[in-house]
Protein chains: 2
Amino acid sequence: MDIRQIRYFVAVAEERNIGRAAKRLFISQPPLTRQIQQLEDELQVKLFERTAKGVELTSAGQLFLNESRNILSLIEQAQERTQRAGKGQLGRLDVAIFGSGILNTIPDILKRFKTAYPGVNIVLHQMSKAEQIEALRQKRISVGFNRLLAPLPDIDSTMILQDKLMVAVRDDHPLATKPLINLKELENEPIVVFPKGARPNFVDLVSRVFQEAGVTMNISQTVIDAVTGIALVSGGFGFCLIPSSASVLQLPGVKYIPLGGLPDNATVDLSCIYLKDDHSPLLSAFLAVVHEYKSQLNNQA
Amino acid sequence: MDIRQIRYFVAVAEERNIGRAAKRLFISQPPLTRQIQQLEDELQVKLFERTAKGVELTSAGQLFLNESRNILSLIEQAQERTQRAGKGQLGRLDVAIFGSGILNTIPDILKRFKTAYPGVNIVLHQMSKAEQIEALRQKRISVGFNRLLAPLPDIDSTMILQDKLMVAVRDDHPLATKPLINLKELENEPIVVFPKGARPNFVDLVSRVFQEAGVTMNISQTVIDAVTGIALVSGGFGFCLIPSSASVLQLPGVKYIPLGGLPDNATVDLSCIYLKDDHSPLLSAFLAVVHEYKSQLNNQA
DNA sequence: CCTGCTTGATACCTTTAAGGTATTGCCAAT
DNA sequence: ATTGGCAATACCTTAAAGGTATCAAGCAGG
């Protein structure tokens with residue numbers, strides 16, 4: 001049995017006349033007659049009663065007509081859905097985000113992607129950097145968002161933005177009134193750092209900045225992420241250096257003040273990472289959205 | 001797109017290796033490679049990622065695999081169901097019965113057919129003789145049960161049984177004690193006859209019998225069917241001649257007594273009728289059941 | 001680092017089967 | 001009895017599926 005035969009059968013059933021159906025199918029009458037005969041032979045069922053005016057469906061033929069229509073529509077659907085999946089318009093995309101990374105950039109990107117590709121189901125996973133890399137290699141996720149990535153041979157990354165550093169201060173502290181804080185002013189002050197876990201990390205950037213400025217750093221506490229760090233500032237544990245994008249977070253008694261007098265490379269990147277040899281259309285579509293977001297960000301600045 | 005290609009695709013997806021799949025399909029590897037390429041070209045979607053160890057499905061391919069399995073199983077089902085319909089094991093059979101014909105013979109036959117062909121949906125219609133013939137010609141029904149048929153050019157019939165005549169009597173009537181009633185004893189007695197409507201009919205048989213025996217008949221009432229006639233006997237309206245198979249009907253105060261001293265042709269047939277050129281497997285199956293029933297009936301007698 | 005093995009891809013030929021033209025046979029309406 | 005419309009048949013042409021031989025690429029073992 002053949003899809004062509006099914007199509008032919010439906011045409012004949014609808015026209016109730018082989019010659020007319022042949023015209024509709026842009027073939028001549030004899031081959032159509034033969035195809036119908038073949039179909040009947042194969043099924044061992046008479047599908048049509050031949051009359052003087054044409055043909056008419058037997059009861060078995062009537063049943064087969066319904067089934068045939070179902071088959072054809074299922075095939076059509078399958079083609080369309082597969083094509084959409086091939087263009088990345090349909091499917092499931094597993095995305096990893098890091099602890100406090102759910103601030104504004106990532107939700108924005110996800111929102112854009114969701115509106116551009118409404119057929120794609122986005123599944124979020126909270127993962128640390130190391131977990132993301134393992135999950136990428138095992139294909140449990142397709143993209144991860146992260147910061148400060150060491151280059152890896154099998155993993156590519158796209159930088160989305162670079163955050164400058166800011167200082168989280170309690171608003172009753174004397175420095176809280178200044179428009180800009182110099183690193184020197186934080187010498188020996190208690191500093192909360194984050195995150196715990198795999199290096200290189202935001203901690204390393206902060207230490208490097210202190211070191212290069214020749215300022216001694218007094219780490220009062222190491223916590224898991226920016227949110228916890230800022231919470232500790234609010235609790236009076238000292239200062240906390242954060243990437244500027246984390247400053248959207250509002251906590252009672254906490255002010256964010258830009259850090260001045262730093263070298264240009266004193267920034268943290270936000271990047272998304274993915275397997276180098278993942279050529280899935282879903283990933284490409286997602287990266288396209290990321291790039292579009294990035295270029296809009298640059299045009300604003 | 002082609003069912004063959006879908007089958008090939010599923011095999012390759014399952015084996016994750018074109019060569020192995022080719023072996024499974026009893027073809028050589030190159031044509032299989034080409035068919036997969038063609039399928040990908042047509043869908044404009046890459047279905048497989050070619051690796052060193054074989055091939056692996058892309059996400060679009062994964063989706064298409066699911067759809068393909070659905071399509072194949074639907075096709076299989078369609079073939080099987082159509083074949084069953086072709087053998088008369090599946091479908092719908094519209095059957096007409098006459099007013100009081102729902103006694104024991106017809107339910108028996110229908111019950112047998114139902115157990116032999118459980119996939120067939122029997123739809124009953126109450127129809128007079130004339131209605132049955134019109135409905136047969138319009139193909140609204142496939143079989144009708146009836147009595148005393150005049151032969152028609154386009155309609156065939158099968159006689160199921162021949163009923164002798166019986167008399168329905170009130171049990172307080174003097175004749176009710178006799179084991180056999182002679183027609184002479186009914187002379188001038190009030191007789192209820194049925195049915196109303198198209199001739200030739202059961203009435204005609206009854207009148208003929210009286211006439212041939214030289215007995216004058218006194219029709220007290222003409223009613224629609226046997227059930228009504230017997231009800232009138234119960235109400236004291238007189239006697240009623242009925243086909244013996246109607247004697248299964250029990251009404252208060254009514255006895256059935258055989259009619260004696262009649263010629264052999266004083267019988268009513270129960271027949272089923274159908275279009276001469278209806279060769280549907282459903283009808284053949286039904287008629288086969290009818291014949292089987294008939295021959296069992298004859299063996300008993 | 002090279003060699004051999006496995007895998008899919010290509011080139012070219014053979015065979016199967018689908019499509020076309022011409023014609024026949026059948027039934028029905030005139 | 002005749003004609004018109006329909007499906008079926010016979011015979012040929014063409015397209016496409018399958019086969020054999022061979023190639024190119026990637027990985028494993030020496």
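These figures come from a predicted structure and were not determined experimentally. In what follows, chains carry the letters A, B, and so on, assigned in the order in which the sequence lines appear, proteins first and then strands, with residues in each chain numbered from 1.
- Evaluation of atom-type donor-acceptor distances gives no pair under 3.5 Å for the side chain of B:Gln37 against the base of C:dA9.
- Distance from the side chain of B:Pro30 is smallest for C:dA9 among the nucleotides C:dA9, D:dA7, C:dT21.
- The side-chain heavy atoms of B:Thr33 and B:Tyr8, taken from C-beta on, include no pair separated by under 4.5 Å.
- With DNA chain D read from its 5' end, the first of the two nearest nucleotides for B:Leu32 and B:Thr51 is the one closest to B:Leu32.
- Taking atom CD1 on A:Ile36 and atom P on C:dA18, their separation rounds to 13 Å, with Å as the unit.
- Regarding A:Arg4, its CZ atom lies at a distance of 9 Å from the C1' atom of C:dA17, rounded to whole Å.
- On a pure distance criterion of 3.5 Å, a polar donor-acceptor pair joins the side chain of B:Arg34 and the base of D:dG19.
- Of all nucleotides listed (C:dA9, C:dT21, D:dA7), D:dA7 comes nearest to the side chain of A:Arg50.
- An OP1 or OP2 oxygen of D:dA17 is reached within less than 4.0 angstrom by a side-chain nitrogen or oxygen of B:Gln35.
- Counting only N and O atoms by type, the side chains of B:Tyr274 and B:Thr158 include a donor and acceptor under 3.5 Å apart.
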Can you check salt bridge (charged side-chain N to carboxylate O under 4.0 Å, His left out) on B:Lys276 and B:Asp278, steps first, answer last?
CA-CA 6 Å; B:Lys276 191 169 281 184; B:Asp278 183 347; over 6 Å; no
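- Minimum atom distance to the side chain of A:Gln38 is reached by C:dA18, of the listed C:dA18, C:dC27, C:dG20.
- Look at A:Thr33 and you'll find a side-chain N or O under 4.0 angstrom from OP1 or OP2 of D:dA8.
- At least one side-chain heavy atom of A:Val12 sits less than 4.5 Å from a side-chain heavy atom of A:Val55.
- Atom-to-atom, CG of B:Asp2 to C1' of D:dA17 comes out at 10 Å; the value is rounded to the nearest Å.
- In this structure, the CD atom of A:Glu15 is 11 Å from the P atom of D:dA7, given to the nearest Å.
- Comparing D:dG26, C:dG20, D:dA7 against the side chain of B:Ala52 picks out D:dG26 as the nearest.
- The B:Tyr8 side chain lies nearest to D:dG18 when the options are D:dA8, C:dA9, D:dG18.
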